[in-house]
Amino acid sequence: METSSPEDGVAPVKVPLALEDWCAVLLMAALVLITFANVVVRYFSNQSFAWTEEISVFLMIVMTLVGGCAAVARDRHIKIEYLLEVGSDVRRLRLRRFGALCTSGFFLLLGGLSVRMVWDEFRYGETTPAIGLPSWWFSIWLPLLSLAIAGRALGLYRRLGAR
Amino acid sequence: MIAAALFLLFIGLMLLGVPIGVALALGGSLAIGLANPDTMMFGLLAVPQNFYAGLSKYPLLAIPMFVLVGSIFDRSGVAQRLVNFAVAIVGRGPGMLPLVAIAVAMFLGGISGSGPANAAAVGAVMIAAMNRAGYPPAYSASIVGAAAATDILIPPSIAFIVYSVMVPGASVPALFAAGMVPGVLAGIALVVPAVWLARKHGMGTLEAHMPRPAFWPSLLQAAWGLAAPVLILGGMRLGWFTPTEAAVVAVVYGLFVGMVVHRTIGVRDLFPILREGAELSAVILLVVSLAGIFAYALSTLSIIDPVTRAIVNSGLGEYGVLALLIVVMIVAGMFLDGVSIFLIFVPLLLPIANHYRWDLVWFGVLLTLKVALGQFTPPMAVNLMVSCRIARVRMEATVPWVGWLLAAMGSVMLLVIVFPELALWLPRRLGY
Amino acid sequence: QNYKAEYKLSTVVGTAFPWGKGGEIWAELVKQRTNGRINIKLYPGTSLVQGDQTREFTAIRQGVIDLAVGSTINWSPQVKELNLFSLPFLMPDYAAMDAITQGPVGQDLFALVEKAGVVPLAWGENGYREISNSKRDIRKPDDMKGLKIRVVGSPLFIDTFTALGANPTQMSWADAQPALASGAVDGQENPLSIFTAAKLPTVGQKHLTMWGYVADPLIFVVNRDVWQSWTPADREIVKQAAIDAGKQEIELARKGLAEADPAVLKDIAAGGVTVTRLSPAEREAFVAATRPVYDKWKNTIGTPLVTKAEQAIAARKK
Ligand code: NA
Ligand code: NA
């Protein structure tokens with residue numbers, strides 16, 4: 001995975017990245033603990049808590065969005081770097097800003113559309129298939145974190161321009 | 001028309017350096033909107049639905065776990081001890097350190113699931129050692145980058161997990177088993193040009209006289225690392241755990257070795273390890289979920305069938321089509337990473353593979369071999385980027401060396417095409 | 001009229017199965033009878049929502065999918081009353097299932113589906129769900145202890161299998177097949193038509209128990225906006241086609257499975273699978289073990305509806 005180094009002349013973030021980093025770390029730790037606990041419990045009792053898989057999948061989705069947020073701020077998402085590398089500094093900067101703008105645009109769209117999706121799940125009282133909890137408790141994080149990603153992308157756009 | 005818009009926007013954005021996931025999603029969203037003018041909200045509710053559904057799959061959880069394994073073993077001190085042990089066996093003569101680098105990369109390949117993680121772990125140890133011994137840094141970077149590419153063939157492998165999620169007919173254990181023989185062959189094939197080039201150019205003579213480490217003590221030191229692939233692969237084989245669980249067992253084992261046995265990981269290191277693992281997994285998983293939007297657009301536009309028909313009726317014949325696919329993938333592989341290649345191409349290639357009744361496990365191994373080659377084919381070569389950064393050389397400097405290594409691994413790909421049994425024998429033997 | 005060039009029809013399995021065949025027949029009948037005005041394309045594998053079959057219903061409501069033939073089990077997260085069919089040991093035979101779907105209870109359920117935002121047209125059938133696994137023969141609840149069983153759709157299944165001492169895990173059909181092949185999951189429960197067409201014995205499912213604990217009907221549905229975009233005459237055609245396709249599909253699903261014609265079971269046994277049939281006493285042990293789950297869920301689904309169904313079953317013609 002190519003990752004452009006985060007410090008190459010980009011202004012620092014205003015909202016501290018520690019926010020996302022701590023969430024991502026805790027989510028990752030929880031995923032490890034739940035999965036490992038299942039292995040251990042099954043080893044000793046021949047039983048396990050397969051229903052926790054629904055929770056694990058949910059935590060993984062949230063971790064993806066939160067980690068994605070930090071990765072946007074650090075400009076680390078997978079992309080074709082070729083054109084970014086060959087041009088002048090000005091062109092390189094313009095392209096990176098364009099990428100940030102596109103990212104922000106898409107996640108705004110995703111955020112808006114998923115509000116509608118969550119509203120639908122709430123309105124019709126949908127429940128999750130394994131545990132039977134209200135679906136919107138799980139899906140509400142999609143619009144919220146999409147907007148956070150869009151915000152981080154806009155922040156990157158601004159920081160790339162403000163150096 | 002709409003299909004053209006989909007591809008133009010996607011390819012254009014991607015070439016302009018927009019994140020690949022975002023390019024896929026924007027292309028897909030535009031096509032969905034154009035194709036459904038009369039549907040509620042232009043049918044765009046398919047965007048969040050497919051984004052969420054693309055991610056909510058339990059088998060995908062193996063990806064963050066194996067990413068974390070890579071990040072932990074990178075710091076566990078295992079690589080250094082494996083290197084000492086290997087040097088104790090083969091010594092430091094000309095061409096021996098590259099041999100050690102390849103062997104250690106293959107061995108770590110039995111623990112880690114991704115090429116760049118492997119390149120980082122092996123590069124951190126081997127490149128400095130090879131410098132001291134008098135190998136040119138560009139040569140060392142080439143060897144490490146190419147050797148690390150065997151990682152995605154030798155199980156465990158994130159590439160195989162993604163392929164399996166996309167192709168329900170190919171299970172993870174079957175793919176893991178199928179990658180074993182080609183992966184080992186690829187590593188052995190790399191040794192030939194590596195040693196030959198070193199001898200021909202008289203590299204690595206500076207430390208040839210230094211004494212070897214003693215055999216038994218270095219074996220003892222390396223034992224913890226040597227046991228890891230046995231635990232991971234053996235545990236899966238014996239049905240103790242699923243791939244996801246195997247990864248989490250490897251996480252715990254790696255932490256134990258790093259924190260308690262080798263003492264290379266402190267409590268304070270846990271935060272950066274988990275953070276790095278979470279962020280890198282998020283980057284991979286976001287492409288997976290955003291590609292779901294692209295896949296929805298692709299399948300509802302009904303363009304896969306005509307394209308498949310056009311290709312199979314083109315008169316190229318089965319091997320001609322296979323050759324064409326390989327050329328296309330080689331070009332794509334110059335610019336794209338492995339996971340993105342799978343996500344973009346597998347939906348298009350699967351109908352072709354089904355038409356010719358190619359074994360889907362064999363096909364997965366072939367695609368993965370192709371991706372492995374791409375990982376060290378400049379200009380866009382994820383493994384070389386890592387190893388060149390460690391060696392402090394520009395990627396262009398590796399060109400004289402990687403050509404030979406590409407040819408060596410490419411010949412293994414030809415072998416797997418001509419003798420599919422190289423991939424299929426082991427999974428059948430193991431009963432998958 | 002704003003007719004689309006092509007309408008998307010979603011099913012969980014393809015045309016090798018009665019379920020997918022039912023979708024194909026429906027699409028064919030509609031195309032013929034509307035002279036191609038309504039052109040339907042099949043998307044098996046719930047591929048329009050990345051295989052996530054419990055999301056299918058929502059996607060139909062939201063216009064992501066135009067038509068579907070779907071199982072009551074997969075749609076129970078959206079219409080909780082559809083859990084009725086998943087109450088363990090509610091329906092002893094096909095006549096009991098017909099008494100529900102073809103009677104007033106079926107109409108009540110269609111009204112609920114309609115209220116949840118989707119237009120229901122006809123009933124089909126996936127069939128009685130029998131349990132298989134790779135470890136051992138199941139004759140008594142104790143035999144299920146510790147078996148990891150794949151289920152889908154509803155916490156009711158989690159409750160039922162937990163009550164029997166098994167270890168249920170919820171996953172889509174797309175994920176279930178590799179999980180069975182690799183031994184990550186020990187067993188599954190599905191109609192025999194799925195068991196044979198998906199070649200489950202080849203992935204180690206060698207122990208099959210005929211316990212008929214639940215059966216899932218299929219429902220033929222259309223997205224509401226799509227429905228309203230059609231002329232009344234075309235709506236009538238689509239509905240009648242769904243009814244006709246449903247009848248043919250039920251016939252396919254039941255073929256060879258009735259007591260009188262054990263041809264399918266014979267084929268399965270010939271493939272090296274031990275087929276276990278429960279004696280009435282053995283079956284009673286499973287009924288007793290799952291009774292608390294039945295009572296709990298009768299309440300969740302709605303006591304009046306379940307009581308009505310019980311009465312319809314009691315009054316059925318055998
Ligand atoms: Na590997
Ligand atoms: Na490349």
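Just so it is clear, the values below take in all heavy atoms, side chains as well, and ignore hydrogens, waters and symmetry mates.
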Greatest number of non-hydrogen atom pairs under 4.5 angstrom with chain B, of Gly99(A), Gly67(A), Ala71(A), falls to Ala71(A)
Chain A shares the most heavy-atom pairs under 4.5 Å, among Arg275(B), Met41(B), Glu245(B), with Arg275(B)
Please check: side-chain N/O of Ser71(B) versus main-chain N/O of Val67(B), any donor-acceptor pairing under 3.5 Å?
no
Interface check, chain B: of Leu27(A), Val32(A), Ile80(A), most non-hydrogen pairs under 4.5 Å belong to Ile80(A)
Distance col, row Thr244(B):OG1 vs Leu60(B):CG, nearest 0.5 angstrom, shows 9.0 Å
Counting heavy-atom pairs under 4.5 angstrom with chain B, the leader among Val66(A), Leu109(A), Leu110(A) is Leu110(A)
Under 4.5 Å to a heavy atom of chain A? For Val18(B) that would be both
Per-residue tally against chain A (heavy atom, under 4.5 Å) across Val248(B), Leu44(B), Leu286(B) peaks at Val248(B)
Okay, Leu13(B) and chain A: the region with an atom under 4.5 Å from a heavy atom over there is side chain
Phe294(B) and Phe10(B) aromatic ring geometry - parallel, tilted or perpendicular at 30°/60° bounds
tilted
The interface call for Leu270(B) against chain A, heavy-atom contacts under 4.5 Å, is neither
Between Phe376(B) and Leu384(B) the two heavy atoms that sit nearest each other are O-CD1, 3.6 Å
In terms of heavy-atom pairs under 4.5 Å with chain B, the winner among Ser114(A), Gly68(A), Cys102(A), Ala24(A) is Cys102(A)
Honestly, the part of Leu113(A) sitting under 4.5 Å from a heavy atom of chain B is both
Atom CZ of Arg123(A): over 12 foreign heavy atoms under 6.0 Å: yes
Honestly, the part of Gln49(B) sitting under 4.5 Å from a heavy atom of chain A is both
Check: Val328(B) and Phe345(B) side chains under 4.5 Å, non-hydrogen atoms: yes
So CD1 of Ile61(A) and NZ of Lys57(B): to nearest 0.5 Å the spacing works out to 11.0 Å
Non-hydrogen side-chain atoms of Ile265(B) and Ile273(B) separated by less than 4.5 Å
yes
Cut-off 4.5 Å, heavy atoms of chain A, and the answer for Ser340(B) is side chain
Tightest non-hydrogen contact, residues Met65(B) and Ala247(B), listed as CB-CB, 3.3 Å
Whatever's closer than 4.5 Å to a heavy atom in chain A on Ser281(B) counts as side chain
Whatever's closer than 4.5 Å to a heavy atom in chain A on Leu290(B) counts as side chain
Per-residue tally against chain A (heavy atom, under 4.5 Å) across Val287(B), Ile63(B), Val22(B) peaks at Val22(B)
When the 4.5 angstrom heavy-atom criterion is applied to Phe51(B) and chain A, the contacting part is side chain
message: For a 4.5 angstrom cut-off between non-hydrogen side-chain atoms, does Ser139(A) reach Met117(A)?
response: yes
